[in-house]
Structures are given as C-alpha cells and as structure tokens.
Amino acid sequence: MVSSLKAKFGQAVDCNGKLSMSQECATHTFTWLPTAVLPRLRTARTAEAHRAPVRALIRNAHEDSVFGEIPFSDAKFGKSFDKTLVAPGQHLGLVVTLNERVLGCCYCSLGGYFIGEGAQIVSVTTFNIDRGCVASLLGGKVALRLAKSIETWARANEATHVLYHVTAGIEIARPDRFFRKIGMRQLGGNYGFEFG
C-alpha cells in the first residue's frame, strides 16, 4: 500500500508534516500520503459552531492559570463570545483548527486610548493554545497563525498599537520567547499580589 501511494503521488511527509521528495533521512520515518490527505491548519473567525470547543479551550487555560481558583463563568464567556458574532468590527474572535479540532483561539477588542485622542488600540485579552500541543512545533504554528491574523485585522482597522495582556502567571518565559521571535518588544510587565 505504501509503495503504491509513493508510485501514485510521489510525495513524502515527515514526522513534522513537511513534504519531501527524498527518502534519505536517517532520523525520520517517512509515510507516503496523497497531498489531499495531508492535514492543514485553518484559521477562521469564530462562528456559533465554535462556541463549545472554544469554551473548553478557554476553560482549560483558565484552570491552568494563576487565576484557576476563580470560578469560571459561562455567562461572562458567552457575553464575550457573542460580541465576536454581533460586533465583528470591534471584537475579533479567531480559531485555528486541524481536522475540525480547535487547537487555538483568541479574543481581541478595538478601542481608543483612555486619556488620548486618535489612537486605535487592539487589546488581546485571551490567546490560548490547546494544552496538548502548546509546547510543540504544532503549537508554535497555531500561535503564529493567531498572531499574524490579529496583526492583519489590526492593520485593516487602522490600529496604532496591538497589546497582548499576558497574565496567566505560568511558564512566563514561553510567551516571552515567542513574542520576541516574531518581532515584538516588551512594553512593561504585569505585577500583582493576591489577597487572601
């Protein structure tokens, strides 16, 4: 079967999902697949069909964060998700899927600067990658798709700034490395203490 697919399609896929015409690789096993079978990441604006998987992804991220002891609110989630559907010019919701499975999502809003005129600021409130792939090459690809799509939306809306609010409080070095690699710079930091 494998050799017949090779003869028919002549393409190989390595363990990272890359196409290769060569079999010469000592570290990878190649599986011959038709191009039509290759899984593809897809980026889309949120739709009603995404509500349940996005809720699950955001709930998991919330539970893993420094705020995990705060009860998750389905009502507040629903209100934010609804804004992405009814006011897409002001509120951006995105999903990145692989074979219909949501692997990443984000929520952003567009507004002005609280004591200034003329600025349009995109505030990225949540930027989540599925916990099963967050530390992998796939997780990096999902994050990059979200970040590039946010940038595209911000430019289309003539934004002057994009601000990512990184407040999960866990593995802080990972998002710092990612954002620096894609050309962002640190503008400050999040500091706080907990009462109780």
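This is a predicted model, so every value here is computed, not measured. Residues take their numbers from the sequence shown, with the count starting at 1. Hydrogens, waters and symmetry mates are skipped; everything else that's a heavy atom, side chains included, is used.
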Please evaluate residues Asp74 and Arg51 with respect to the criterion salt bridge (charged side-chain N to carboxylate O under 4.0 Å, His left out), reporting the C-alpha separation (whole Å), side-chain torsions for both, the decisive distance (0.1 Å), and the verdict.
CA-CA 11 Å; Asp74 280 322; Arg51 186 179 296 266; over 6 Å; no
Does some side-chain heavy atom of Phe178 sit less than 4.5 Å from a side-chain heavy atom of Phe127?
yes
State, with a plain yes or no, whether a side-chain heavy atom of Lys76 is found less than 4.5 Å away from one of Lys79.
no
Among Leu103, Val96, Val134, which residue meets the side-chain contact (heavy atoms from CB on, under 4.5 Å) test with Ile129?
Val134
Sorted by chain and number, sequence neighbours left out, side-chain hydrogen bond (donor to acceptor under 3.5 Å, both in side chains) with Asp176 holds for Arg180
How long is the straight-line distance from [atom2] of [Y] back to [atom1] of [X], given to the nearest 0.5 Å?
X: Tyr113; Y: Thr160; atom1: OH; atom2: OG1; value: 11.0 Å
X: Cys108; Y: Leu163; atom1: SG; atom2: CG; value: 11.0 Å
X: Asn99; Y: Arg42; atom1: CG; atom2: CZ; value: 9.0 Å
X: Leu144; Y: Ser149; atom1: CG; atom2: OG; value: 9.0 Å
X: Arg59; Y: His62; atom1: CZ; atom2: NE2; value: 8.5 Å
X: Arg55; Y: Phe81; atom1: CZ; atom2: CZ; value: 8.5 Å

Heavy-atom donor-acceptor pair, Asp130 side chain to Gly132 backbone, under 3.5 Å:
yes
So, Arg45 side chain and Pro88 main chain: donor-acceptor pair closer than 3.5 Å or not?
yes
Check the surroundings of atom CD in Glu158: do more than 12 heavy atoms from other residues, nucleotides or ligands lie under 6.0 Å from it?
no
Look at atom NE2 of His161 and say whether more than 12 heavy atoms of other residues, nucleotides or ligands are closer to it than 6.0 Å.
no
Looking at every non-hydrogen atom in both residues, tell me the closest pair between [X] and [Y] and how far apart they are.
X: Thr126; Y: Ile58; result: CG2-CD1, 4.2 Å
X: Ala47; Y: Leu85; result: CA-CD2, 3.9 Å
X: Gln120; Y: Gly112; result: OE1-N, 4.2 Å
X: Gly104; Y: Leu146; result: C-CD1, 4.1 Å
X: Asn157; Y: Leu110; result: CB-CD2, 3.6 Å

Tell me whether [Y] is reachable from [X] by hopping between hydrophobic residues (I, L, V, M, F, W, Y) whose side-chain heavy atoms are closer than 4.5 Å.
X: Phe67; Y: Leu57; answer: no
X: Val66; Y: Phe72; answer: no
X: Val124; Y: Phe179; answer: yes
X: Phe114; Y: Leu187; answer: yes
X: Trp153; Y: Leu41; answer: yes

Check against side chain to side chain contact (heavy atoms under 4.5 Å, CB included), Thr97 and Glu100:
CA-CA 5 Å; Thr97 60; Glu100 306 302 319; 5.6 Å; no
For the pair Leu98 and Leu138, evaluate side chain to side chain contact (heavy atoms under 4.5 Å, CB included) and give the outcome as yes or no after the intermediate values.
CA-CA 10 Å; Leu98 180 65; Leu138 178 60; 4.2 Å; yes
Just checking, any donor-acceptor pair under 3.5 angstrom between side chains of Thr46 and Thr84?
yes
Which label fits Tyr107 and His91: parallel for a plane angle under 30°, tilted from 30 to 60°, or perpendicular past 60°?
parallel
